[in-house]
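First the structure, in the form of structure tokens, and then the observations on it.
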Protein chains: 2
Amino acid sequence: MATRAEVAKLAGVSASTVSYALNGDRSIKEETRKRVLKAVAQLNYRPNFAAGALAGGKSKTLALLSPSGEFGIALIALEYINGASAAARDRGYHLVIWPSQESELAEIQTFAESGMISGVILMEIKFKDERVTYLKKAKVPFAMIGRTEKPGKDSYVDRDFIGTTQLGVDYLDSLGHKKIAFLTTERAVGVDTRFGSALLEAASKKKMTARKIQVVNEASSGRDAFIELHKKYPDVTAVVSLNDIATLGFISGANEYGIKIPKDLSLIALDTPENHIEMSWPPLTTVNLPAFEMGASASNILIDQIEHKENKQNQVLLAGELVVRGTTAKARKE
Amino acid sequence: MATRAEVAKLAGVSASTVSYALNGDRSIKEETRKRVLKAVAQLNYRPNFAAGALAGGKSKTLALLSPSGEFGIALIALEYINGASAAARDRGYHLVIWPSQESELAEIQTFAESGMISGVILMEIKFKDERVTYLKKAKVPFAMIGRTEKPGKDSYVDRDFIGTTQLGVDYLDSLGHKKIAFLTTERAVGVDTRFGSALLEAASKKKMTARKIQVVNEASSGRDAFIELHKKYPDVTAVVSLNDIATLGFISGANEYGIKIPKDLSLIALDTPENHIEMSWPPLTTVNLPAFEMGASASNILIDQIEHKENKQNQVLLAGELVVRGTTAKARKE
DNA sequence: ACTACTTGTCGACGCGTGTCGATAAAACTC
DNA sequence: GAGTTTTATCGACACGCGTCGACAAGTAGT
């Protein structure tokens, strides 16, 4: 592997000039820079990570706290990770994965102080999240995928709840549905809370009635939810699900009771990762979740922060797209 | 953060002695080592990653090539990753994630040569895998989760196909099933091929007849498989599925046709990650997949290899456990 | 008692980079 | 045109650790 010295020799400049030409911290004559870049390309030179970290105190390494998977988030986490990792690499950073145990927060600080880690990406954010509190106190740069209840100026990427919900509700409206229900989880993570209120808002704009059915993150609960719907609200013609796992159980329930989806009942799943779609029959109509992009965006925001590009936007909302598949149809006539 | 020099001072020894005391490359008086370790603990000293990598040419960083997810493997990949990462951390290594594009193989070599990466973990291994060929030629240490057709002396962790299959088949036998079918995917990865032959073997030992039904990795295909089974082999009383996604479709199909699982038909899924189980109703009887352990084992094997502990075992097979849930029952009487 | 090893420790150097201060040349200022 | 600032470049050093060679003290062999 070529070193800086070799590049310098080939370009006929000093080693430090190569540094400045590449990092742009001092003014360099344009022609010199070109010569350097050419030498870099010729030798296929890449700055050595370790040396850079040692000399500059910048590890160019991000840590992503990998979730335990308790909320079924594992199913989509890989997309986040892939996105975050790809973006990090594009900007010359590494992404390391840490299976997160709450107990290890202190260790993160140690790593950050020793320069081993430049910043942290968090996912599965709770409304009140002690990790966030801790990282702020420890002055470790971080970015969230999701957000706390009051994120203030903290960096985050989150789903655009309002946009996503509107896409779904408007589509149901266009099919003539006026009585809908939605499946939601009450969990501390806050996702469903935000979705829930966005949905009520969107529905009332379209003058729909919207029933709420509580589920937990299990297929069996989705099945129970179907039964509840069937008994209590037989006039509902469309269901919006905010929970992927329960969605699958809901479909099983409908099958069991002989209710045909989408002829008798439409179903639209918000915010569902691509992977899930192939898991159900009929294939789900969804507003999908741009997980890869969210991960990438988190990396970029975090790196901006680390590099003190504070002018850049550090709070991003992303909405997916409506993808019509097999679980939606025109509202049945009573 | 404390440095080696500070530890040396506190312990009243030279800096190099601290190094040797910690790494054990030279003989050190036991009492001295104790003093050093005490100082290390007192100062909460951790060797600086970057400096170590620079000086020793050892980055203590593993790269895991993250799969694209085309085979639905994304669903369990996170478990592998968490396991690999946890084990790596226990041994003082980092695990970085690389979303893998085939085109980037050359880059891996560059990184390895520059000492940035000490080794690579591969998953989603194909029978003939060009990545393996490449890494061997490039002399980059690697370990596979899965294995090629002829792994030779290459390091790998894989599922114990024979053990896993036997657990499943024996259990069905104990419930009185004699006519079974199995759902399998013919894909280049080789997993199903190995499972398939293990299954035929296990079934013939128990004097069962075993029908094979081909599926692809989609729910709809599982549904089609049910229909095929229903029409062609109505006397089958139990089904073994080797494909998680198709399993879910299969259940939908049964629901649709009014066949009750497990009363009319038993279903057992081999090698299914925990995450999946909550996604179906009734809950699946499975032989589960020890994904976390497999990931951890891959890291350990790879690190052994990097550190030239060549006496250690570098090929490991792991079987899951039979977990009886809601999809198996005694064979129906004809 | 002399050599020949072994054990335990130390000092010195190098890994490849980021960055500071110095310097020479060029560009302004009045 | 003397003084001042700006631009472009260079040399030197530090970052924290791994490791080699040196050396003193101890042990074994004759």
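All chains are named by letter (A, B, ...) in the order of the sequence lines, taking the proteins before the strands, and each is independently numbered beginning at 1. Every heavy atom of this structure was used, including side-chain atoms; hydrogens, water molecules and symmetry mates were not.
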Let me spell it out: for each of B:G52 and B:R26, pick the nucleotide of DNA chain D with the closest heavy atom. Which residue's pick is nearer the 5' end?
B:G52

Where at least one partner belongs to residues 32-44 of chain A, residue pairs that pass salt bridge (charged side-chain N to carboxylate O under 4.0 Å, His left out), sequence neighbours excluded:
A:E30-A:R33, A:E31-A:R35

Could I get the full list of side-chain contact (heavy atoms from CB on, under 4.5 Å) partners for A:A50, not counting sequence neighbours?
A:N48, B:A53, B:L54

I need the full list of side chain to side chain donor-acceptor pair (under 3.5 Å) pairs touching residues 8-18 of chain A, with sequence neighbours left out, sorted by first then second residue.
A:S14-A:S16, A:S14-A:T17

Could you pull out all residues at least two apart from B:A2 that satisfy side-chain contact (heavy atoms from CB on, under 4.5 Å)?
B:E6, B:L43, B:Y45

Is it true that A:D129 and A:T148 share a donor-acceptor pair across their side chains at a distance under 3.5 Å?
no

Which is true for A:L54 with a 4.0 Å heavy-atom rule: it touches a base, it touches only sugar-phosphate, or it touches nothing?
base

Where do A:D158 and A:R147 come nearest, in terms of heavy atoms and distance?
OD2-NE, 2.8 Å

Near DNA chain D, counting only heavy atoms under 4.0 Å, which residues of residues 36-50 of chain A show up?
none

If you take all heavy atoms of A:K128 and A:E149, which pair is closest and at what distance?
NZ-OE1, 3.3 Å

What distance do B:I97 atom CD1 and B:I81 atom CD1 have between them, rounded to the nearest 0.5 Å?
4.0 Å

Taking only heavy atoms on the protein side, list every residue of residues 6-14 of chain B lying under 4.0 Å from any atom of DNA chain C, sorted numerically.
B:V13, B:S14

Contact class for B:T3 vs. all strands (heavy atom < 4.0 Å): base, sugar-phosphate, or nothing?
sugar-phosphate

Closer to the 5' end of DNA chain C via nearest nucleotide, is it B:K29 or B:G56?
B:K29

Listed by chain and number, what are the salt bridge (Lys or Arg N to Asp or Glu O under 4.0 Å) partners of A:R91, not counting sequence neighbours?
A:D304, A:E307

Test: ring-ring contact (aromatic ring centres under 6.0 Å, His included). Region: residues 131-159 of chain A. Which pairs qualify, not counting sequence neighbours?
none

Can you pull the contact range of chain A along DNA chain C, 5' to 3', using atoms under 4.0 angstrom from its heavy atoms?
C:dG16 to C:dA22

Please determine whether a side-chain nitrogen of the Lys or Arg among B:D154 and B:K136 lies less than 4.0 Å from a carboxylate oxygen of the Asp or Glu.
yes

Taking heavy atoms of chain B and a 4.0 Å limit, find me the 5'-most and 3'-most nucleotide of DNA chain D within that range.
D:dG16 to D:dA22

Set of ring-ring contact (aromatic ring centres under 6.0 Å, His included) partners for B:F49, sequence neighbours left out:
B:H94

Give every residue pair that meets the salt bridge (charged side-chain N to carboxylate O under 4.0 Å, His left out) criterion with at least one member in residues 42-53 of chain B, sequence neighbours excluded.
A:E107-B:R46

